[in-house]
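Within every chain, numbering begins at 1; the chains are lettered A, B, ... in the order of the sequence lines, protein sequences first and strands thereafter.
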Amino acid sequence: MNADQEMLDLFVQESSEHLQTLETDLIALESNPEDSALLNSIFRSVHSIKGASGFFGFDPIVKLAHVMESVMSLLRDGMLVADQAMVSLLISTSDKLNLMLAQADMAAEIPCEDEIAGLQAILNGTPLQGQKPPASVAAKPSAAAAPVAVTQDDNLPDAGLADFAFDPSSIVDGLKHGQNFYIVKAAIAAEIESQGQTLEHFLSETASLGTLVSTRVSLPENTGLSDCEGVDVALSFFYVTALEPFILCGALGLSEENIREIDSSKLGEWVKTNPPRTKGPAAPVIAAKSQPEPDTKSLVPAPSAVATQAPRSPAVSGPAPTTIDPKPMASARRKPEETIRINVGLLDSLMNLAGEMVLGRNRLLRIAGRSETASGDSEMQSVVQEISSVTSNLQDTIMRARLQPVGGLFGKFTRIVRDLSHKLEKEIQLEIFGDDVELDRTLLEGLSDPLTHLVRNSVDHGIESPANRIAKGKKSCGTVRLSAAHLAGRVQIEVLDDGGGMDPERLKSKAIEKGVITTDQASRMTDSDALQLIFAAGFSTAAAVSDISGRGVGMDVVKTNIEKLGGHVELDSRLGQGTRIIIRLPLTLAIVPALIVGCRGINYALPQINVDEIVHPGEEYPIKTMGGAQVLELRGELLPVVDLSELLGHPPRESAKHETFVVVLRLDHLTYGLIVNEIISNEEIVVKPLGRHLRTVGYYSGATILGQGEIAMILDPNSMAQGKISASQIALASSKTTEPVLADSTTRRVLIFQESDGEYLAIHLTRVMRVESVSAEDIERIGPMECLRKNHDSTLRLVQLSEILPIRPPAERKKDFFLIVPRPPFDSIGIIASRIVDSVDLSDDQIDQATLQTKGLLGSAVLSDRLSLVLDLDAIAEMLGNGVDQPSLFAQGHFLLTANAQQQSSNAPQNLKHLPPAREQASLTH
Amino acid sequence: MKKSHQITPSQPVNAASLGASAIELLESLQNASASTSVEIDLTATEAPDSGTIKFLLAAANDCRQRGFSPGVRATGKTAELLRLLYMDQHLALNTGEVSE
């Protein structure tokens, strides 16, 4: 790439960033039309775009930016006050600039006559359509009233500062860097111009040596045109500089009498009691007291609200949001000199190398862990541990370098909500929390479309019209809240609205009408199950299809896309109160949990997100041949089955007797079984892209290297199903696969296990995400807690049920045992099990709730001829600390591992590793 | 948006021309109707100095005494200087044409 092209790329990149800021600022301007900080920011953005475009000779961009800049200049100087029509025109102009920049060489072909004519009309004094000329033309009252705007704070550290209008934020940097603060006074003609320098030159020299915080010029009181000739203009300014007083005097050519130093320690104290505001420097200081700086730590989401109408107080519960300028977080948190631009490809390469290093580390740990090596050389053990620790840190650090704040994504919704609310004639306030929470860039890209669907749905279907809201006793302005937060090593994105909510009965009747469920199924369906119907393909309750939403192609795609990202969606809605949708995502896609299976001696990885359960076919779950195709009869359902060995073209086995497992894979519209020979382990794998020569082989989505060092291909459940499952098989399965839980909501599968040789325990499989086998040596202890580090920030807290329930504790823990990991939001704990016994159906009626009444247990039941205690997971979570997904309860960070968390080949009895349907939702509370 | 009453001095306003410009403006103010705002057009003043600032401060005082809202239209160096000096604390600033 030559230097010119590099400069051009930089220009496009920087201009795009300016435009992003511009749009956000313009939308905020609509609510705060006289906010000088916003006006200055917008002006600077347009000016920068114009200047850079001029440098490259993009005249059409310069022309449009120039006329926009002229209007912004009038707004900034108080000659105009922006109204909705003007902001709309400015946003439209910003859009055109965006289009022009996207194809700068062809910018002349982008039509922008309307925008130029509209902006020119403003400059000529012609009111825009819908604009009230008197309001817009009115000059700022302050401009003509008091001669000087001064601070009104009686507690100023120096009385002389009362002459100046400034914001505490303008001196914070100076305080941080230990600079000196001065009030400088001089007569312009007698003390500046008399030395042969112009006022303009004096001021520019002064500005180059420090910061002119505030400036003031004055004549003696009541001096008018008739008596002004004999007096001089007094110039004074509040100035911050690193220069000492005597050097400053020399530099400015003034005497010591002209300069007075302000005690910086007193200023510092004063700033502490007058927190800086986010607005511009010219507003009175006193306003600062009412707007504290928001906390922007990731665990406490930083609020930033953008009102699409006049700001009002939010109608939803929770922490009161502060309306602040929706500035990109980078400008607020990072100084330019602290960041550099890095090519994304370079970061990807670093991530790949780190992945390689992790794989090498895993092998090294395995070798070092062998008994002959471990006993031989303690020094080598020490080095291996050190390398292991550094490798983990390196991988974490590189992964974090790929993270980007979600604020960039959230920012675009200010525009979407604004435009839609105007179009739908609704009053909607968008609140944004936690815009500094960071996510892998791949995930951010994948999240954009689903989140857009959700926000548009909230605006279109959720929030009612102002009249409807008032009739319901609500405020006319609805609220859509978009938030992000870190929770137990995951990122949780939430879209909340205080609109009309969803009516489960209406959802059921629509589903019956569309043939999604039967009347009988509807009658047995809980409200929570009914809400999940919106995720069914083609489901929409919208009375009319609009260009915004209502076609019913949204929510199923949202769910599918989120699941493709390794996340999942939860939904809660209260009729008349609003809807909350929670998306939980991993921090990165580079490392994913996978089930390692074997086929003819070769290992393959299956993404765990698609794995529903593992079944050992036999008498209970037979594989049958129907119409020439194989199907698995699973609890009354028929699932199409694909044999991995046949799929990959292995020759048929000579012996008919060989052990097989069926991994039940769940896709969006299809559930099918994959026949494999072995279940090896659960592992978190580093995903590697396939080489060029393998990309045409459709069954693989990537490759990985396992802990033993061998390469394993990652199977793609979607492409394996395509073409290998006949239409008749799909038809056979379609009516069965989606409704096992809906069909009989009172009978559910439970997993029976033992913690010790004593009691049998049962947990509903709908609450279980996975079962892992772990080794005792992988367990870390932090205070009273036992933890298992998974990867990066993800840590499982181990729960020994005998410590919280009245059951017998084990005499001693086995070297290898199992962990039962519940589904979110309780997926940060792992319940210890010494033995997995069985999985059976359990009806709610079978549970004896009278004999054993203990918190943490739903009751007891006789399962497979054994008395078993049925766990109440919600109560257990509460006993563990009132909500186990609170990050504070969990250890975060890095551990010095004594051995890597390798999962051993499972010795579990057949037919025991069950992973639940993804559609089961944990209950939510507002 | 232009002010309702615009006054354009016949020459650049600076220390040298201050006296003449002041008289000229006073006459114009006497002739001004009961408009609520007056805008002094300084676009012809390309090299501002203390006289320019003095002229504007005094003019702002006279305008207010007569019940007018004072304003100034300026470009280039003059506009920049007026901004640096926070002259918008004294009168409405219109920098209609901005620097490229």
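- Separating the CG atom in B:Leu85 from the OG atom in A:Ser236 is a distance of 10.0 Å, to the nearest 0.5 Å.
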task: Could you go through the side chain to side chain contact (heavy atoms under 4.5 Å, CB included) check for A:Glu221 and B:Asn61 one step at a time?
output: CA-CA 9 Å; A:Glu221 198 171 353; B:Asn61 184 59; over 6 Å; no
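- Panel note: side chain A:Glu193, backbone B:Ser50; a donor-acceptor pair is recorded below 3.5 Å.
- By the neighbour-count criterion of 12 heavy atoms within 6.0 Å, atom CD of B:Gln11 is densely surrounded, having more than that number from other residues, nucleotides or ligands.
- Interface residue A:Ser214: backbone and side-chain heavy atoms are both found under 4.5 Å from chain B.
- By number of non-hydrogen pairs under 4.5 angstrom with chain B, the leading residue of A:Leu212, A:Val231, A:Leu199, A:Thr223 is A:Thr223.
- Both the backbone and the side chain of A:Leu219 come within contact range of chain B, each with at least one heavy atom under 4.5 Å from a heavy atom of that chain.
- Contacts of A:Asp227 with chain B are absent, with no heavy-atom separation under 4.5 Å from either backbone or side chain.
- With rounding to the nearest 0.5 Å, the separation of CG in B:Leu84 from CD in A:Glu200 is 8.5 Å.
- Note: A:Asn222 leads A:Asp232, A:Asn222, A:Ile192 in heavy-atom pairs under 4.5 Å with chain B.
- Listed here is the closest heavy atom pair of A:Glu229 and B:Lys54: O-NZ, 3.4 Å.
- In terms of heavy-atom pairs under 4.5 Å with chain A, the best-connected choice from B:Ala58, B:Ala22, B:Ala60, B:Ala47 is B:Ala58.
- Here the shortest heavy-atom pairing between A:Leu225 and B:Asp62 reads N-OD2, 2.6 Å.
- The OG atom of A:Ser204 sits 10.0 Å away from the CG atom of B:Leu81 when rounded to the nearest 0.5 Å.
- For chain B, the nearby part of A:Leu235 is the side chain; its heavy atoms alone come within less than 4.5 Å.
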- request: Go through the steps for B:Leu18 and A:Cys228 under the test side chain to side chain contact (heavy atoms under 4.5 Å, CB included), then give the verdict.
  value: CA-CA 9 Å; B:Leu18 177 63; A:Cys228 67; 4.1 Å; yes
